[in-house]
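Below is one structure, written out as structure tokens; the observations come after it.
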Amino acid sequence: ASPTFTVPSLSATAELYFKLPVTDNVGTTSVARTTYQVTVDITPPTIVSIKRNNPTTANTNASSVTFAVTFSEAVDSNTFTAADIALTQTPANTFSGFTIGAPQTTDNTTFTVTVSGLAGDGTLGLTLASGTITGADGNTATLTDPTGTNNETYTIDMTAPTLVSIKRNNPTTANTNASSVTFAETFSEELDSNTFTAADIALTQTPANTFSGFTIGAPQTTDNTTFT
């Protein structure tokens, strides 16, 4: 008859080795022994990180973004679907009309998840809210979101900046005999200062063409919202 063995109360991943001497029916034991190795894994996969994948920058106006979800070990890709994923949104319910794509992977450990059709302004992240994702060994994954830098989000801004005001800066009085004056232009949000240059500015003059020989200097800023 074939021998059977019971290994009690395993509580962690382990490798078990069995050395089986062979004894015949007259009591002779062979010197050679056969070693059998069994790897037992009862540690469930966990979520190591949720990172921005495309784009990798936090701030974007894209209507489609991709996250990379990495597990502590390979999981059965058939058990990880879009139905397991939800969005975290700040403010709540900011985004509408979006679609969460099926997770894609080449190694069953890191999966990319694309969220498309986004409309709105706010902070967007991923959470694995439900489902029974299992490891290759059959253990059910622990779906606890990572924290800190291992859980990245996007700040999505689809509202174009507007010009809020153009104010006298130096001098602040309306009437002057100065040959040089400075205006302060304030926008509704921060700009990329590299995209705002003197070439974007023109003078309004009454009567027309009153002033000549002037130079418009490069806009200066300390906060990318107000420029002088």
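Because the structure is a prediction, the values reported are computed rather than measured. Atom set for the values below is all heavy atoms of this structure, side chains included, hydrogens, waters and symmetry mates excluded.
Taking all atoms of both residues into account, the shortest heavy-atom contact from V48 to P146 is O-CB, 3.5 Å. Nearest heavy atoms, D157 versus E189: OD2-OE2, 2.7 Å. The minimum heavy-atom distance linking S72 with P44 is given by the pair OG-O, 4.4 Å. Of all the heavy atoms in P45 and E73, the pair that sits closest is CB-CG, 3.6 Å. Taking each heavy atom of F71 and V69 in turn, the nearest pair found is CE1-CG1, 4.1 Å. Contact record, F111 with N108: CE1-O, 3.4 Å, taken as the closest heavy-atom pair.
With sequence neighbours excluded, no residue satisfies side-chain hydrogen bond (donor to acceptor under 3.5 Å, both in side chains) with T155. Residues satisfying the side-chain hydrogen bond (donor to acceptor under 3.5 Å, both in side chains) criterion with T134, sequence neighbours excluded, are absent altogether. Residues passing the salt bridge (Lys or Arg N to Asp or Glu O under 4.0 Å) test with E185: none are found, sequence neighbours excluded. Evaluation of the side-chain hydrogen bond (donor to acceptor under 3.5 Å, both in side chains) rule for T140 yields no partner, not counting sequence neighbours. For T114, the side-chain hydrogen bond (donor to acceptor under 3.5 Å, both in side chains) partners two or more places apart in sequence, or in a different chain, are T66. Looking at residues two or more places apart in sequence or on another chain, you find a side chain to side chain contact (heavy atoms under 4.5 Å, CB included) between P219 and F196, I201, F227. With sequence neighbours excluded, the residues that form a side chain to side chain contact (heavy atoms under 4.5 Å, CB included) with D192 are N194, T195.
To the nearest 0.5 Å, the span separating CG on D145 from OG1 on T127 amounts to 3.0 Å. The CZ atom of F187 lies 9.5 Å from the OG atom of S165; values are rounded to the nearest 0.5 Å. Taking CG from L128 and CG from D84, the interatomic distance works out to 6.5 Å, rounded to the nearest 0.5 Å. Atoms CD and OG1, from E190 and T226 in turn, are 10.5 Å apart once rounded to the nearest 0.5 Å. L143 contributes atom CG, which lies 5.0 Å from atom CD1 of I47 (distance to the nearest 0.5 angstrom).
Within the 4.5 Å cutoff, the side chain of V65 has heavy atoms near those of the L124 side chain.
A donor atom on one side chain and an acceptor atom on the other are not found under 3.5 Å apart for T46 and T142. For D223 and T221, the side-chain atoms include at least one donor-acceptor pair closer than 3.5 Å.
Residues in residues 131-182 take part in these ring pair (Phe, Tyr, Trp, His ring centres under 6.0 Å) pairs, two or more places apart or across chains: F67-Y154. Annotation: salt bridge (Lys or Arg N to Asp or Glu O under 4.0 Å) contacts involving residues 53-70, sequence neighbours excluded, are absent. Residue pairs meeting the ring pair (Phe, Tyr, Trp, His ring centres under 6.0 Å) criterion with at least one member in residues 43-63: none, sequence neighbours excluded.
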Can you give me every donor-acceptor pair (side chain of residues 52-64, partner residue at least two apart or in another chain, under 3.5 Å) with its distance?
unit_1: R52; atom_1: NE; unit_2: T56; atom_2: O; d: 3.0
unit_1: R52; atom_1: NH1; unit_2: T153; atom_2: O; d: 2.8
unit_1: T60; atom_1: OG1; unit_2: A62; atom_2: N; d: 3.0

Side chains of residues 202-212: which donor-acceptor pairs under 3.5 Å do they make with residues two or more places apart or in other chains?
unit_1: Q205; atom_1: OE1; unit_2: T210; atom_2: N; d: 2.8
unit_1: Q205; atom_1: OE1; unit_2: F211; atom_2: N; d: 2.7
unit_1: T210; atom_1: OG1; unit_2: P207; atom_2: O; d: 2.4

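Residue L191 is grouped with residue I216 when hydrophobic side chains (ILVMFWY) are merged at heavy-atom distances under 4.5 angstrom, including chains of intermediate members.
Judged by distance alone, with hydrogens and angles left aside, the side-chain atoms of K51 form a donor-acceptor pair with the main-chain N or O of T149 at under 3.5 Å. For the pair E152 (side chain) and N150 (backbone), a donor-acceptor distance under 3.5 Å is absent.
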